[in-house]
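Right, one structure below, let's go through it.
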Amino acid sequence: MRDGAAGGKPRHKGHSPTPPDPTRDVSFDILCGVVEHRRMLENSLTRSAATHNAEPRDRAAAHRIAAATLRHMGTLRTALEPFLRKEPPEPVRVALMMGCAQLLFLQTPPHAAVGTTVSLLRRRKLAPFAGLANAVLRRVTAQGEAVLDGLDQPRLDIPPWLWSSWSTLGAGVPRAIAMTLGHEAPLDITLRPGATAPEGGVELPNGSWRFESGTRVSELAGYEDGAFWVQDAAATLPARLLNVQDGEQVTDLCAAPGGKTAQLAVTGAHVTAVENNPARMERLAENLARLRLPVKTVQGDATAYTPDTPQDAILLDAPCSATGTARRHPDVLWVKRPRDLAALTAMQDKMLAAARDMLKPGGRLVYAVCSLQEEEGPARARAAEAMGLVPSPFTPDELPFLPEAITPEGWLRTHPGLWAEQGGMDGFFAARFTRPA
């Protein structure tokens, strides 16, 4: 069958209802939230009515299906085109992409991928399209990975505006990023000084420990004892480059979930963590409690906070588009738009000015964003300089294990294509400044 029409015979009125499938229901809700409403995955998850009745294992499985679909969404859309004579409603396309993702990228048995997709459409009052889904997914099953032949998957799976914007990172970098984004990210942890790494990990050149994707962090030895915290290898670099010393007065602005705060605290510095979002503040407090670190926490707006005394050092990991985190959050690729950047950069400038005013003369500031966008990185570093902050360039000697991440200007720029053979890393920009005496 090759059609965009209903397909299949009408169901008999006495047909028994389709059995519940919380995994697919939650995954469908997540994807519709991202694709139709441009909601971030976690927001879509909390809004899903199916989530409230799903067991943790069902939610985890749903997240995996949704993430795989988002990770390969451009490829899936293109691969489905030959099987559709006309455009189906977007929720139907979402269901078809879910089914294809399971067949092509998650090694789900064909009968399960096809049957659960057909049942999903029937449960969601989209039964007229059940026959279409059955026919299309059976044809995909018959052809297997051959449906991907000739497709430039890395290029298809990155929205054009992002691909174009990443060209500023260097020739070939957009493709290197896309190649890494096609795979599920591993788990990275940072050990507190003196702690022993759990078994099963591999030490990275920066000192982080990396575990296979899907590793449950709470099941690793030492988790409950606060021996480590979750933190991508690239995320360790801004705090490292702030070079905090024992006894210094340090503020971590926009601190949740607390990985960088923990890095600062284990140096012996007197650390204040500021976080405005109540839910993120709760998570920050929970992480610091598990780690048993003596950190002062303040819930409040970073642009309005005034420390008791001028600070020796400030880490500003500012809210941003988060395009550098697409390895773990592929929804970012499809939710963010170029027009979002104007409001974000305006807020980043306000935070930079506030951080400048918190520093004592000669005090240090590291500005960081988990973004790959020029507007949020280099452009903001130039804005900081225009505010009177004095650049304090990073040197390759400070990161002997990653000298290629230091730009000629002395900024830090990482991207997912770095350390690709080991699983990549998040994209970060960071720049260091001092306040004039």
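The environment of CD in E212 is sparse: at most 12 heavy-atom neighbours from other residues, nucleotides or ligands sit within 6.0 Å. Residue R155 qualifies as enclosed at atom CZ: its count of foreign heavy atoms under 6.0 Å is above 12. In R292, the CZ atom is crowded: over 12 heavy atoms of neighbouring residues, nucleotides or ligands sit closer than 6.0 Å. Other residues, nucleotides and ligands contribute only 12 or fewer heavy atoms inside 6.0 Å of the CE atom of M179. For R77, the CZ atom sits in a packed shell: over 12 heavy atoms of surrounding residues, nucleotides or ligands are nearer than 6.0 Å.
Partners of D349 by side-chain hydrogen bond (donor to acceptor under 3.5 Å, both in side chains), not counting sequence neighbours, listed by chain and number: R380. Checked against side-chain hydrogen bond (donor to acceptor under 3.5 Å, both in side chains), T251 has the following partners two or more places apart in sequence or in another chain: Q311. By the side-chain hydrogen bond (donor to acceptor under 3.5 Å, both in side chains) test, Q373 pairs with S165, W166, T323, sequence neighbours left out. Residues passing the side-chain hydrogen bond (donor to acceptor under 3.5 Å, both in side chains) test with D152, sequence neighbours excluded: R175. Partners of K350 by salt bridge (charged side-chain N to carboxylate O under 4.0 Å, His left out), not counting sequence neighbours: none found.
Between the side chain of R327 and the main chain of G423, a donor-acceptor pair closer than 3.5 Å is present. Counting only distance, with no hydrogens or angles, the side chain of N287 and the backbone of G258 share no donor-acceptor pair below 3.5 Å. Looking at R139, its side chain never comes within 3.5 Å of a backbone N or O of F83 through a donor-acceptor pair. No donor-acceptor pair closer than 3.5 Å links the side chain of R413 to the backbone N or O of G427. A donor-acceptor pair under 3.5 Å links the side-chain atoms of T180 to the main chain of P416, judged by distance alone. For S164 (side chain) and P160 (main-chain N/O), no donor-acceptor pair under 3.5 Å exists by modelled atom type. One N or O on the side chain of D252 and one on the backbone of T261 form a donor-acceptor pair closer than 3.5 Å. Judged by distance alone, with hydrogens and angles left aside, the side-chain atoms of T414 form a donor-acceptor pair with the main-chain N or O of D426 at under 3.5 Å. Side chain of R290 to main chain of Y223: a donor-acceptor pair is present (N/O by atom type, distance under 3.5 Å, no hydrogens or angles).
We find that R124 and D25 are joined by a salt bridge, their nearest charged nitrogen and carboxylate oxygen being less than 4.0 Å apart.
Contact annotation: the side chain of L84 approaches that of L96 to within less than 4.5 Å [non-hydrogen atoms, C-beta and beyond]. Taking the side chain as every heavy atom from C-beta outward, L120 and D21 never approach each other to under 4.5 Å. Side chains of F105 and L148 form a contact here, defined as non-hydrogen atoms less than 4.5 Å apart. Between D29 and T51, every side-chain heavy-atom pair lies at or beyond the 4.5 Å cut-off. Side-chain atoms of R64 and E184, non-hydrogen and from C-beta on, do get closer than 4.5 Å to each other. M98 is not listed as a side-chain neighbour of T116, based on a closest heavy-atom distance of 4.5 Å or more. Inter-residue side-chain proximity for S321 and L344 is flagged as met; some heavy-atom pair is nearer than 4.5 Å. With a 4.5 Å cut-off on side-chain heavy atoms, P198 and I189 count as touching.
The distance from the CD1 atom of I314 to the OG1 atom of T272 is 10.0 Å, given to the nearest 0.5 Å. Atoms CZ and OG1, on R240 and T267 in that order, are 13.5 Å from each other to the nearest 0.5 Å. Atom CZ of R280 sits about 12.0 Å away from atom CD of Q299, to the nearest 0.5 Å. Atom SG of residue C370 and atom NE2 of residue H329 lie 8.0 Å apart, to the nearest 0.5 angstrom. The structure places CG of L365 at 12.5 Å from CE of M351, a figure rounded to the nearest 0.5 Å. Put simply, NZ on K260 and CG on D317 are 3.5 Å apart, with the number rounded to the nearest 0.5 Å.
When all heavy atoms of P22 and D58 are compared, the closest pair comes out as CG-OD2, 3.5 Å. Listed here is the closest heavy atom pair of G144 and L104: O-CD2, 3.8 Å. Here the closest non-hydrogen pair linking A318 and Y367 is CB-CE1, 3.9 Å. Looking at every heavy atom in both residues, P186 comes nearest to F211 through CB-O, 3.1 Å. Heavy atoms only, all atoms of each residue included: A265 and V295 are closest at CB-CG2, 3.7 Å. Between L151 and A79 the shortest heavy-atom distance is CD1-CB, 4.1 Å.
At a cut-off of 3.5 Å, with distance as the only test, a side-chain donor of T236 or N206 sits close to an acceptor on the other residue. For the residue pair W229/Q231, the side-chain donor-acceptor check at 3.5 Å is satisfied. For the residue pair T345 and E375, no side-chain donor N or O sits within less than 3.5 Å of a side-chain acceptor on the partner. A donor atom on one side chain and an acceptor atom on the other are found under 3.5 Å apart for T75 and D157.
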Pairs under 3.5 angstrom only: tabulate donor-acceptor contacts from the side chains of residues 398-406 to other protein residues two or more places apart or in another chain.
from	atom 1	to	atom 2	distance (Å)
E398	OE1	R432	NH1	2.9
E398	OE1	R432	NH2	3.4
E398	OE2	T395	N	2.9
E398	OE2	R432	NH2	3.0

Derivation of the side-chain contact (heavy atoms from CB on, under 4.5 Å) call for L80 and V136: CA-CA 8 Å; L80 282 167; V136 167; 3.7 Å; yes
Stepwise side-chain contact (heavy atoms from CB on, under 4.5 Å) test for L137 and C100: CA-CA 7 Å; L137 294 180; C100 278; 3.8 Å; yes
Verify side-chain contact (heavy atoms from CB on, under 4.5 Å) between M425 and D232, making sure each step is shown before the conclusion. CA-CA 7 Å; M425 63 175 64; D232 187 82; 3.9 Å; yes
Steps toward side-chain contact (heavy atoms from CB on, under 4.5 Å) verdict (T108, I65): CA-CA 10 Å; T108 303; I65 293 173; over 6 Å; no
